[in-house]
Amino acid sequence: MSAMKYLVLLFVALAIYKPVKAASASAKCLQTVISQIAIFKVSDLNFGESVQGDAAKTIAPDTVENQSNASFIIQGEKNKSFQILLPADNTVRMVQVTNLNGGAKLPIVDGIPVNSFTTNSKVDLLDSQGQKTIFVGATRSQLLPLQNIGSYEGSFTVDVIY
Amino acid sequence: MKKLVLLLAIISMNTHSAMAASATAKAKQIVIAALNITKVSDLEFGEAPQGDVAKTVAAGTSENTENASFLISGEPGKSISVTVPLDGVVKMVTGSAGPDEQISVNNFSANLTSTSIGANGNTDLFVGATRDALSATQVAGSYEGDFTVTVVY
């Protein structure tokens, strides 16, 4: 076969051949947007009135609001579970804010430690309205026999995460 | 690739704040003064002959030679209540506390100057009681017995 014939054959072959130069498929971009989680304090942790030297006092978290336990309302995505993070021990201390004797306030080191923070469940579930109320308790240490009389307060923070 | 990294960074920033939240509450405690009670004077029935009738010392409203008195200190303005011994509990004895060496003391009564601690952190308590009649063969001598008064907020 002559070279010319090969060339003609090549052109014919190229004319018949239809190469796949491109292909396509579709996919979706997916995003679920959920409500932000938020937490608001409803009530403080109230250890009430105790005499100097009083034994350690524990407030149970309980399952309803009462005059002692602290409570918080959580708002977020309906039916979504969340975690509750409570203060670690040795991080919360109530310090004197008023002195009923009118004397000098004690230094912070002489405040009243609050430890063993508890809640009913470290993992909870937002209800069908996207809400949940949680209750928090803790233990305050024994009071010193000569603990300065007066009002004591300390702040503590509760974190919630999805 | 840079766009992808930027997108991931934006997604990360946007979702971070929505995933967690925190709230702060207070822990509160009021400390009040401890309650103390100190004896000022004993209950003194004095001197009586064998066979003497029962004798009552009234609680009274001020210190006298017979009534017992106590100083109570605590949180100003705070209400208190006092408990005195029940009947059949307190006996004065002498010697080896034999049958004729005992005298029962009953019907304790208490009188508080105020049912709450005064502004100065104190209040007075006066206590009286009745000692039984003495038997005709009551052993002569000095008789003593302890009694306890309790005060609570």
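Per chain, numbering begins at 1; letters A, B, ... match sequence-line order.
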Query - Approximate separation, where rounding is to 0.5 Å, of Lys28(B) NZ and Ser43(A) OG - result: 9.5 Å
Ignoring hydrogens, what is the shortest heavy-atom contact between [X] and [Y]? Give both atom names and the distance.
X: Ile112(A); Y: Gln29(B); answer: CD1-CG, 3.9 Å
X: Ser151(A); Y: Ile30(B); answer: OG-CG1, 3.8 Å
X: Ile149(A); Y: Ala33(B); answer: CG2-N, 3.2 Å

Query raised in the report: Between Ala34(B), Ala27(B), Ser22(B), which shows the greatest number of heavy-atom pairs under 4.5 Å with chain A?
Result: Ala27(B)
**Report entry** Closest-packed option against chain B by number of heavy-atom pairs under 4.5 Å, given Gly48(A), Ala38(A), Ser155(A), Ala70(A)
**Finding:** Gly48(A)
Query raised in the report: Which one, Glu77(A), Glu49(A), Lys41(A), leads in non-hydrogen pairs under 4.5 Å with chain B?
Result: Glu49(A)
Query raised in the report: More than 12 heavy atoms of other residues, nucleotides or ligands under 6.0 Å from CG of Asn120(B): is that the case?
Result: yes
Query raised in the report: Is it the case that more than 12 heavy atoms not belonging to Lys26(B) sit under 6.0 Å from its NZ atom?
Result: no
Verify same cluster id: [X], [Y] (apolar side-chain graph, 4.5 Å):
X: Phe126(B); Y: Ile37(B); value: no
X: Phe135(A); Y: Ile59(A); value: no
X: Val93(B); Y: Phe147(B); value: no
X: Leu85(A); Y: Ile39(A); value: no
X: Val127(B); Y: Leu86(B); value: yes

Query - Full working for side-chain contact (heavy atoms from CB on, under 4.5 Å) between Met19(B) and Ile161(A) - result: CA-CA 5 Å; Met19(B) 299 294 282; Ile161(A) 54 172; 5.7 Å; no
Query - Proximity breakdown for Phe40(A) and chain B, heavy-atom pairs closer than 4.5 Å - result: backbone
Report task. Please look at Val114(A) and chain B and tell me whether the side chain, the backbone, both or neither of the residue comes under 4.5 angstrom of a heavy atom of that chain. Result -> side chain
Query raised in the report: Is there side-chain contact between Val31(B) and Gln52(A), with at least one heavy-atom pair below 4.5 Å?
Result: yes
Report task. Using distance alone, with no hydrogens and no angle criterion, decide if Thr24(B) and Thr157(A) have a side-chain donor and acceptor under 3.5 Å apart. Result -> yes
